[in-house]
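Indexing begins at 1, ligand by ligand and atom by atom, following the structure's order.
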Amino acid sequence: MATDLDIADQIVETVARWVDNEVVPNASTFELADEFPDAMVEQMKAFGLFGCVIPEQYGGLGLDHITYARLIEEISRGFMSLGGVLNSHLIVCTMILRFGTEAQRERWLPDLCSGETRAAFSLSEHDAGSDAKAMTCRAVPDGKDYVINGTKMWVTNGERARIVALMAKTPDDRVTCFIIEKDPGTDFENITFQKVEKLGYRGLETMEMTYVDQRVPAENMLGDLAGMGRGLNAALSALELGRINIAARAVGVARASFEAAMAYAQQRETFGKKIYDHQVIAFKLADMATKLEAARLMCHSAARKLDEGIRADLEAGMAKLFCSETAAELAFEAMRIHGGNGYTSEYPVERYYRDAPLMIIGEGTSEIQKMVIARQLLDKYRVD
Ligand SMILES: Cc1cc2nc3c(=O)[nH]c(=O)nc-3n(C[C@H](O)[C@H](O)[C@H](O)COP(=O)(O)OP(=O)(O)OC[C@H]3O[C@@H](n4cnc5c(N)ncnc54)[C@H](O)[C@@H]3O)c2cc1C
């Protein structure tokens, strides 16, 4: 799948202009107040971004993944949390697209693509993050329903979502995905919500959600009966897209950090000259620009592989690893280049510094990416 270059450029430019005019000036206010940016999310809906990589036949824009990565970079250089609102949602759309039945695609995707319905992805638990198979949430059949009991952790979009793609164990001890339909808000029988307070990545909700005897019709099993036991497979397959999103978000934060430092270094004077004219600072910026460029290329290279329809676990894992570590490094360097000012909420670099670690953790930590990469290296380069 490839998007016509002119169309891709137009969409990216339109979104970039909006980010400059509406997102950049307001992001810190929403993030510091931990307030959901309703108007920004409405605008993303109007752009069609909630279905951007989903085929047009289901109401999406059918864009390729490189264009998706470019869009997420633009949005995240303004406000990384907005990239998170889209990420969980599009992971769920992709799971439905790849693993749902045709009836399920037709039932759920059009409203998801318009953004009228928003989705949350719920795999992790308190004691089951990297080790997802250790989950204890249960789904037990009862008549035409399954009954869900358990506590899921870290549910991005959990409060505002109408659809939660929930991974739970069926009595055969295999993981199955159920599509939970609920009203937006925290007032829902049989589900209690607890907001997680965070270091950064604020302005959107991350929830703990506890299910007590929550009934879900058997027809909401993703993929219908054929989906039994395929929940982890579906989740991990869609996390490929999630890793492109995280890599692109990291590129966005890395770029914002670099651009802020570049501007500041040309304004701030010490010892009678701009700090950019101290070679130590100019060299730091040279390194930052180089790493930013490398990160973007890795992200696009992984996205291209997905566009070619090739399973891209290795490339997506490498991109996610390199881009997220680069974002953390550049955010720290940008803060140092800002001196004391970088440590205040007057300047956005403190936000980049708090936001960057999320990309190292979410969608599999750097250590887990290295495990995935190392495993695949042996497949590729094994010496007998
Ligand atoms: C803000 C936020 C939002 C999130 N949103 C979602 C969401 O929407 N949906 C969802 O399902 N999840 C979500 N997550 C969960 C996220 O994916 C997990 O936090 C992540 O996978 C790590 O799991 P953990 O926190 O349990 O850490 P652990 O698995 O406990 O890891 C702890 C440390 O041990 C390391 N480690 C673990 N195993 C190994 C190993 N075998 N070898 C070497 N090192 C290892 C890890 O790298 C890490 O450094 C979110 C997390 C955060 C922080």
Side-chain angles (χ1 to χ4, degrees), residues 31 34 36 76 79-95 118-137 148 150-169 175-180 191 193-211 222 231-247 249-250 253 316-317 320-321 324-325 327-328 351 354-375:
E31 204 273 346
D34 202 7
F36 191 78
S76 303
F79 191 2
M80 189 278 283
S81 300
L82 292 176
V85 174
L86 288 176
N87 185 34
S88 303
H89 179 91
L90 282 162
I91 287 175
V92 176
C93 291
T94 302
M95 288 173 76
R118 294 220 298 275
F121 169 78
S122 191
L123 175 66
S124 304
E125 298 180 3
H126 279 280
D127 296 323
S130 306
D131 187 8
K133 276 190 192 152
M135 71 174 63
T136 57
C137 185
I148 311 283
T151 296
K152 302 303 272 189
M153 186 61 184
W154 311 114
V155 192
T156 304
N157 291 343
E159 181 184 336
R160 286 174 176 80
R162 249 180 221 288
I163 277 185
V164 180
L166 174 97
M167 267 45 74
K169 279 186 177 166
V175 177
T176 297
C177 176
F178 292 90
I179 301 294
I180 309 286
I191 309 178
F193 296 79
Q194 180 72 46
K195 187 177 169 197
V196 179
E197 300 295 340
K198 294 165 295 185
L199 168 72
Y201 190 35
R202 289 150 57 89
L204 93 169
E205 79 272 17
T206 305
M207 308 298 278
E208 178 193 81
M209 291 172 68
T210 299
Y211 298 77
L222 185 64
L232 211 50
N233 192 8
L236 295 180
S237 154
L239 281 179
E240 238 181 13
L241 178 72
R243 287 180 183 145
I244 301 287
N245 172 294
I246 297 255
R249 265 150 87 186
V253 172
K320 196 265 178 195
L321 171 66
S324 61
E325 294 290 348
R351 171 160 57 89
R354 289 185 293 104
D355 275 350
L358 182 269
M359 270 86 66
I360 288 176
I361 300 166
E363 253 68 314
T365 62
S366 285
E367 290 75 18
I368 296 301
Q369 300 312 317
K370 286 180 192 175
M371 281 169 56
V372 171
I373 294 165
R375 211 178 295 132

[atom] [closest protein heavy-atom partner, distance rounded to 0.1 Å]:
| atom | result |
| --- | --- |
| atom 1 (C) of ligand 1 | L358 CD2, 3.4 Å |
| atom 9 (N) of ligand 1 | F121 O, 2.8 Å |
| atom 24 (P) of ligand 1 | G129 CA, 4.0 Å |
| atom 52 (C) of ligand 1 | W154 CE3, 3.7 Å |
| atom 30 (O) of ligand 1 | S130 OG, 5.0 Å |
| atom 15 (C) of ligand 1 | S124 OG, 3.3 Å |
| atom 46 (C) of ligand 1 | T365 OG1, 3.6 Å |
| atom 42 (N) of ligand 1 | M371 SD, 3.6 Å |

Give the contacting part of E363 toward ligand 1: side chain, backbone, both or neither, where contact means a heavy-atom distance below 4.0 Å. backbone
Counting only heavy atoms, which portion of V196 has something under 4.0 Å from ligand 1: side chain, backbone, both, or neither? neither
Pair [X] + [Y], salt bridge at N-O below 4.0 Å:
| X | Y | value |
| --- | --- | --- |
| E205 | R160 | yes |
| K198 | D355 | no |
| E31 | R351 | no |

At what distance, to the nearest 0.5 angstrom, does CE of M167 lie from CG of L232? 8.0 Å
Atoms of ligand 1 less than 4.0 Å from Y201 heavy atoms? 1 (C)
Short list, please: which atoms of ligand 1 are under 4.0 Å from a heavy atom of T156? 3 (C), 4 (C), 5 (N), 6 (C), 7 (C), 8 (O)
M153, any N or O under 3.5 Å of ligand 1 N or O: no
Looking only at distances, can you tell me whether any N or O atom of T206, backbone or side chain, sits closer than 3.5 Å to an N or O atom of ligand 1? no
